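Below, read A as the first sequence line, B as the second, and so on, with proteins coming before strands; counting in each chain starts at 1. Predicted model only: the values in this text are computed from it and were never measured.
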Amino acid sequence: MSNNPTKQKFALTTPLYYVNALPHIGSAYPTMAADALARFKRLQGHSVLFITGTDEHGQKIQRSAEANGLDPQEHCDRIVANFDALWHKLNIQYDRFSRTTSERHHAIVREFFERVKASGDIYLDRQQGWYCVACEEFKEKRELVEGGYCGIHTNKKAEWRDEENYFFKLSKYQQKLEDLYAKQPDFIQPETRRNEVLSFVSQGLKDFSISRVNLEWGFPIPSDPQHTIYVWFDALLGYVTALVPPEQEPTLENALSQWWPINLHLIGKDILRFHAVYWPAMLLSAEIPLPERVFAHGYLTKDGQKMGKSLGNTIDPFALVDRYGADAIRYYFLKEIELGRDGDFNETRFVNVLNADIANDLGNLLNRTVNMVIKYCKGSLPKLTAEDIPNENPLKIIGLELGKRASKAYESLRLDLSCEEILTLVRASNKYIDETAPWSLNKQGKKTEVERVLYAVLESIRLSAYLLSPIIPNLSTDIYQQLGFSIDFNDRNSKDYSSVFEQHSQWGNLPANQNLNKPRPIFAKLEQPEKEDKSVPL
RNA sequence: AGCAGCGUAGCUUAAAGGUAAAGCACCAGCCUCAUAAGCUGGCGCAUACGGGUUCGACUCCCGUCGCUGCUACCA
């Protein structure tokens, strides 16, 4: 009866977040999505490695630290603690937290650099031009405003620099990259992002510089410590470092032996090029197999507007979780926004969605049904199995297809669609109750019919909770426990549910005679936020 | 500026030539097992605008307006 296929491996990453400031909703969003996918894969019985982490080098970090009177490392440690705290608040179950300031990472960076150098893809060249310290980059003359100030940082005067930098021969990989995109059409997702990359690459690739002089906070170029390795040959390797089991030596061999190639890099669209062009080229140079998929998520707006410090409309993820709880936040961002597109946060909409879907449709459904079981069936599940429910039963019809449909949606990172699919069963269940009216059946003494109805509904709730557990693990656990299970969806190692996806994702899995627990609302209805005084601004 | 994409009911989205759909919000009716939840119905008289192709266009073509993204080193 062992239904345990060979464990498939699945490794995925979030971006390694830059620690120049406290974590914001823009970091929380992809991390929640990645967590949901990781949980789904674990649910399917896959062996999962979920990597997140931080990118901690660069002049900006050094500056931020100085501004706060801190040593850079101390500064990083503090910010990292905040990231970690937020991940815990949001119930993010990462497996590895990769920090680019770790010694282990240094070792990987060094080794990787040498590999690429050995391929003849690194060379020293002179770079001259106007340099903006704030941007940390060279500017074209046309990008400067009057007086030689940076166009972006108009209070910063660009400095003339004439310096030697190390370069990576990206140009050499033009054809190989184009072959890759053609051969692996799914390498870059979604489609619009892929098209952007294709168009970019087709314009012809130029080598890019991978070192800076006058940059202290970073790793030195191994053979030439005057130079510091600049972002991409440092940060991207953070994914690789994370693959080394903690007890093993940080070598490329150890890193690549078990979990490579990474199956999914979930990133923001701002760093698409680096993941979809630079990164595969670097790996080709180092003769390392390529990741499977790079998926760029969209950006968030608040009430239809770009978020920004200057606008003063940022969303504080800590405050949001404190106010509404992790599951509510996860649900909103994952269900209401398609991952590959831009999306909006609006508190009124947030409250409406949570109340409608979670408090009313799902929460109340559970509550009303468990109550009926207690009243009409003495508190334990009917002695029935799925075979006792006719195939024409509307819930059975939907339920039997749901596992497949939801899985397909999860696989393609359409978490929104997955939720929507599941909700159709939830809604149908409420409708089914009204149509069959178990309270009337009970009065008429039709015990068997009451039991069938309640069984069908409870099983539908069970399946819905199961399939939603990657998104709302706490609520799913709560539902399962009221249904009499002792399963905790936050228990990563639970043998109770991992590896038995085939059964649990199937409608008809509810055990007969199980004792239900006392019904209590799983999610209290939210109040609409105070209406802001919206004085017309015109 | 060039290239690409988008613009559907108050909101979020569906519908890739054939009577424009769903959820939320709002209103009414019904029910009572339930978290004033649920069910039914209604409202909203929605395809940015202007042309064109077609028997027929949200869908294809052209133009206008608006928004977004990309156009190399934005950690």
Side-chain angles (χ1 to χ4, degrees), chain A residues 15-20 54-61 100 127 132 134-140 152 165 167-168 170 191-193 195-210 212 218 230-232 234-236 238 269-274 277-278 296 298-299 301 304 306 335-338 341-344 346 348-349 351-376 416-417 420 423-424 427 429-442 450 453-454 457 519-525 528:
Chain A
L16 302 185
Y17 303 108
Y18 202 48
V19 294
N20 62 334
T54 42
D55 174 13
E56 308 182 13
H57 284 135
Q59 214 159 28
K60 262 185 228 167
I61 301 294
T100 58
Q127 192 168 27
C132 171
C135 297
E136 291 189 43
E137 70 187 48
F138 283 94
K139 296 288 177 184
E140 297 294 328
I152 297 164
N165 282 163
F167 284 79
F168 171 70
L170 181 65
E191 183 98 23
T192 55
R193 300 296 160 208
N195 293 337
E196 278 176 23
V197 171
L198 255 41
S199 128
F200 169 76
V201 172
S202 71
Q203 290 170 41
L205 294 173
K206 286 192 264 179
D207 300 345
F208 65 95
S209 88
I210 60 170
R212 291 286 186 275
Y230 183 66
V231 59
W232 302 113
D234 175 354
L236 288 166
K269 60 188 185 182
D270 52 330
I271 49 175
L272 175 62
R273 186 189 311 143
F274 311 113
V277 183
Y278 289 20
Y299 270 5
T301 54
K306 270 189 184 172
K335 146 78 171 32
E336 277 297 288
I337 297 167
E338 183 182 330
R341 292 202 202 182
D342 290 351
D344 187 56
N346 171 277
T348 301
R349 187 174 144 205
V351 169
N352 281 338
V353 166
L354 267 297
N355 283 346
D357 293 357
I358 302 300
N360 296 348
D361 284 355
L362 180 60
N364 183 56
L365 173 66
L366 173 74
N367 196 241
R368 66 193 300 206
T369 312
V370 174
N371 267 298
M372 283 190 277
V373 173
I374 285 173
K375 286 187 184 172
Y376 308 150
D416 58 320
L417 252 185
E420 207 54 66
L423 275 177
T424 60
R427 294 190 182 118
S429 298
N430 274 315
K431 181 173 177 169
Y432 179 68
I433 290 178
D434 271 53
E435 282 170 357
T436 53
W439 49 91
S440 299
L441 295 173
N442 183 60
V450 170
V453 168
L454 295 182
V457 174
R520 78 195 142 74
I522 54 162
F523 187 86
K525 262 189 111 159
Q528 276 299 344

Quick one: is B:rC70 close enough that its OP1 or OP2 comes under 4.0 Å of any side-chain N or O from A:K269?
no
Is there ring stacking between A:W439 and B:rC33, where the centres must be under 5.5 angstrom apart and the planes under 30 degrees?
yes
For B:rC58, what is the paired nucleotide under Watson-Crick or G-U wobble rules, both distances under 3.5 Å?
none
Given B:rC33, B:rU68, B:rC70, the nucleotide with the shortest approach to the side chain of A:E196
B:rC70
Any idea which of B:rA37, B:rC33, B:rA72 is nearest the A:K206 side chain?
B:rA72
Which part of the nucleic acid, if any, lies within contact of A:L366, taking any heavy atom under 4.0 Å across all strands shown: a base, the sugar-phosphate backbone alone, or nothing?
nothing
Both A:T192 and A:E338 contact RNA chain B. Which one's nearest nucleotide lies toward the 5' end?
A:T192
Strictly below 4.0 Å: does A:K431 bring a side-chain N or O up to OP1 or OP2 of B:rU40?
yes
Quick one, A:W232 and A:I271 - any side-chain contact, counting heavy atoms below 4.5 Å?
yes
Could you please name the partner base of B:rA48, counting Watson-Crick and G-U wobble pairs only when both distances are under 3.5 Å?
B:rU64
Is A:G204 touching bases, backbone alone, or none of the nucleic acid, heavy atoms closer than 4.0 Å?
base
Which part of the nucleic acid, if any, lies within contact of A:N371, taking any heavy atom under 4.0 Å across all strands shown: a base, the sugar-phosphate backbone alone, or nothing?
sugar-phosphate
Under a 4.0 Å N-O cut-off, is there an ion pair linking A:R368 with A:D434?
yes
Nearest of B:rU35, B:rA72, B:rU12 to any side-chain atom of A:I522?
B:rU35
According to the Watson-Crick and G-U wobble definitions, with both distances under 3.5 Å, which nucleotide is paired to B:rG69?
B:rC3
Pair partner, B:rU35 [Watson-Crick or wobble, under 3.5 Å]
none
In whole angstroms, the gap separating P of B:rA72 from OH of A:Y278 amounts to 10 Å
Note: A:K335-A:E420 ion pair, threshold 4.0 Å (strictly below)
yes
Of all the choices, B:rC73, B:rA72, B:rC33, which nucleotide is nearest to the side chain of A:Y230 once you look at every atom?
B:rC73
Considering every strand and a 4.0 Å limit on heavy-atom distances, what is the contact class for A:P438: base, sugar-phosphate, or nothing?
nothing
Check every strand shown and say whether A:D234 touches a base, only sugar-phosphate, or nothing at a heavy-atom separation below 4.0 Å.
nothing
For A:A356, answer base if it contacts any base atom (sugar-phosphate contacts may also be present), sugar-phosphate if it contacts only those atoms, and nothing otherwise; contact means non-hydrogen atoms under 4.0 Å.
sugar-phosphate
A:L16 versus A:E56: any side-chain heavy-atom pair under 4.5 Å?
no
Output the single nucleotide from B:rA25, B:rA72, B:rC33 whose closest atom is nearest the side chain of A:N352.
B:rA25
Which is true for A:K306 with a 4.0 Å heavy-atom rule: it touches a base, it touches only sugar-phosphate, or it touches nothing?
sugar-phosphate
Using the side-chain heavy atoms of A:R341, tell me which of these nucleotides is nearest: B:rA34, B:rG38, B:rU13.
B:rU13
Of the options A:Q59, A:R212, A:H57, which is the one that meets A:Y230 in a side chain to side chain contact (heavy atoms under 4.5 Å, CB included)?
A:R212
Partner of B:rA14 under the Watson-Crick or G-U wobble criteria, both distances under 3.5 Å, comes out as none
Looking only at non-hydrogen atoms, find the nearest pair between A:V353 and A:E336 and report the distance.
CG2-CD, 3.5 Å
Whole-Å distance between B:rA15 C1' and A:E420 CD?
15 Å
Could you identify the nucleotide paired to B:rA25, looking across every strand shown and requiring Watson-Crick or G-U wobble geometry with both distances under 3.5 Å?
none
Go through the steps for A:F208 and A:Y278 under the test ring pair (Phe, Tyr, Trp, His ring centres under 6.0 Å), then give the verdict.
CA-CA 9 Å; A:F208 65 95; A:Y278 289 20; 3.9 Å; yes
May I ask you to evaluate whether A:K525 reaches the phosphate of B:rA37, defined as a side-chain N or O under 4.0 Å from OP1 or OP2?
yes
From the list B:rC73, B:rU68, B:rU35, which nucleotide is the closest neighbour of the side chain of A:N364?
B:rU35
Indicate, with a heavy-atom threshold strictly under 4.0 Å, whether A:L272 touches base, sugar-phosphate, or nothing.
nothing
Using the C1' atom on both, measure B:rC49 against B:rC58 and round to a whole Å.
15 Å
On RNA chain B, check which nucleotide each of A:D434 and A:R368 is closest to and give me the residue with the more 5' one.
A:R368
Polar side-chain contact A:N360-B:rA37 base: donor and acceptor under 3.5 Å:
no
Calculate the interatomic distance between A:N442 atom CG and B:rC33 atom C1'; express it in whole Å.
10 Å
